[in-house]
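Read through the structure below, which is laid out as structure tokens, and then see the notes.
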Amino acid sequence: MPQEDEIKSESLLDAASDVTGSRTSYEEFTDERMLVSHDAFGKKQLKIKVVEVSDEAPPSKWKFGDRVKVTKILITIKHLETQQVEEAEFDIEAIERELAEKRHYTSTNRWIPANDIKNGYVVGSKHTRLISDASALDYIVF
């Protein structure tokens, strides 16, 4: 026989899922901390949302797995001391071309494993890969 506490928690979960429309399964749940990266001093947080991906097929799926080529991103930087939020959309492809013209090199790898994109956001461990050219051109100071 279930205890009273178990009944209350189940009914609360059912009520919450009725309000939102559906429950999130364990596999679908993404911890917010996984999507955020911090600057060296711990004063800023960075979050990257994928806005557009290329329909180009990856060159070797068997070696690197299922990947997508990111074209445009939305970057959100939160200043933790002042709670100020900055947002900007970047065309990574255009920035890559500009850096190749001006500095004669590029360091961006826009191919991101599909598993590293959660709920439309790029996992924090892949942030440097996407913003390295924008940082080199001083579009982003992070």
Side-chain angles (χ1 to χ4, degrees), residues 2-3 5-142:
Q3 294 183 5
D5 292 337
E6 290 177 16
I7 293 171
K8 285 182 183 178
S9 65
E10 287 177 18
S11 63
L12 289 174
L13 287 174
D14 291 336
S17 65
D18 289 341
V19 170
T20 59
S22 67
R23 281 191 190 170
T24 302
S25 69
Y26 180 77
E27 292 80 25
E28 294 172 338
F29 176 75
T30 304
D31 188 3
E32 185 75 15
R33 294 174 292 184
M34 180 186 233
L35 305 175
V36 175
S37 60
H38 298 273
D39 69 335
F41 302 109
K43 295 182 179 183
K44 297 178 186 177
Q45 287 182 340
L46 176 79
K47 199 170 177 183
I48 298 178
K49 182 175 177 105
V50 176
V51 176
E52 185 178 304
V53 294
S54 173
D55 56 354
E56 185 178 335
S60 57
K61 186 176 180 177
W62 64 270
K63 187 174 183 181
F64 299 111
D66 192 21
R67 300 177 301 158
V68 293
K69 190 172 187 178
V70 178
T71 309
K72 289 185 182 179
I73 56 175
L74 177 70
I75 295 181
T76 306
I77 297 176
K78 181 178 181 182
H79 300 269
L80 297 176
E81 293 174 337
T82 62
Q83 299 300 313
Q84 178 187 2
V85 176
E86 299 177 59
E87 281 191 334
E89 186 172 309
F90 289 94
D91 184 349
I92 300 175
E93 194 170 16
I95 291 172
E96 186 177 329
R97 282 193 305 268
E98 182 181 348
L99 187 65
E101 281 177 21
K102 289 183 176 180
R103 309 270 171 87
H104 304 291
Y105 79 97
T106 183
S107 58
T108 300
N109 182 357
R110 296 184 290 131
W111 289 100
I112 301 292
N115 294 338
D116 288 339
I117 299 174
K118 309 281 185 190
N119 300 335
Y121 289 90
V122 178
V123 173
S125 62
K126 304 298 180 191
H127 287 177
T128 320
R129 179 184 270 199
L130 290 174
I131 66 167
S132 58
D133 284 351
S135 294
L137 290 171
D138 293 328
Y139 288 137
I140 300 174
V141 178
F142 185 72

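Only this structure's heavy atoms are used, side chains among them; waters, hydrogens and symmetry mates stay out.
Partners of Q83 by side chain to side chain donor-acceptor pair (under 3.5 Å), not counting sequence neighbours, listed by chain and number: K78. Every salt bridge (Lys or Arg N to Asp or Glu O under 4.0 Å) that E56 has, sequence neighbours left out, goes to K69. Among residues two or more places apart in sequence or in another chain, the side chain to side chain donor-acceptor pair (under 3.5 Å) test is passed with T76 by E87. Residues forming a salt bridge (Lys or Arg N to Asp or Glu O under 4.0 Å) with D116 (at least two apart in sequence, or on another chain): K126. Annotation: side chain to side chain donor-acceptor pair (under 3.5 Å) contacts of H79 (sequence neighbours excluded): E86.
To the nearest 0.5 angstrom, H127 atom NE2 is 13.0 Å from S132 atom OG. Note that CD1 of I131 is 14.5 Å distant from OH of Y139, once rounded to the nearest 0.5 Å. Atoms CD1 and CG, from I77 and D39 in turn, are 9.0 Å apart once rounded to the nearest 0.5 Å. Interatomic distance, CZ of F90 versus CG of L137, reported as 10.5 Å (0.5 Å rounding). Atom NZ in K72 sits 12.0 Å away from atom CZ in R110 (nearest 0.5 Å).
Counting only distance, with no hydrogens or angles, the side chain of R103 and the backbone of A136 share a donor-acceptor pair below 3.5 Å. In terms of modelled atom types and a separation under 3.5 Å, the side chain of R67 and the main chain of W111 share no donor-acceptor contact. Side-chain atoms of N119 never come within 3.5 Å of backbone atoms of Y121 as a donor-acceptor pair (strictly under, hydrogens ignored).
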Would E89 and I73 count as a side-chain contact (heavy atoms from CB on, under 4.5 Å) if you check the C-alpha gap in whole Å, the side-chain angles of each, and the deciding distance to 0.1 Å? CA-CA 6 Å; E89 186 172 309; I73 56 175; over 6 Å; no

For a side-chain contact (heavy atoms from CB on, under 4.5 Å) check, start with the C-alpha distance between L46 and V36, then their side-chain angles and the critical distance, and finish with the verdict. CA-CA 6 Å; L46 176 79; V36 175; over 6 Å; no

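Considering only heavy atoms from C-beta on, I112 comes within 4.5 Å of I117 through its side chain.
Pairs engaging residues 41-50 under the side chain to side chain donor-acceptor pair (under 3.5 Å) rule: E32-K47 [sequence neighbours left out].
K102 and E98 are joined by a salt bridge, as a carboxylate oxygen and a charged side-chain nitrogen come within less than 4.0 angstrom of each other.
A side chain to side chain contact (heavy atoms under 4.5 Å, CB included) with L130 is found for one member of V50, I92, I75 and no other, namely I92.
Shortest non-hydrogen contact noted between G124 and S37 is O-CB, 4.1 Å.
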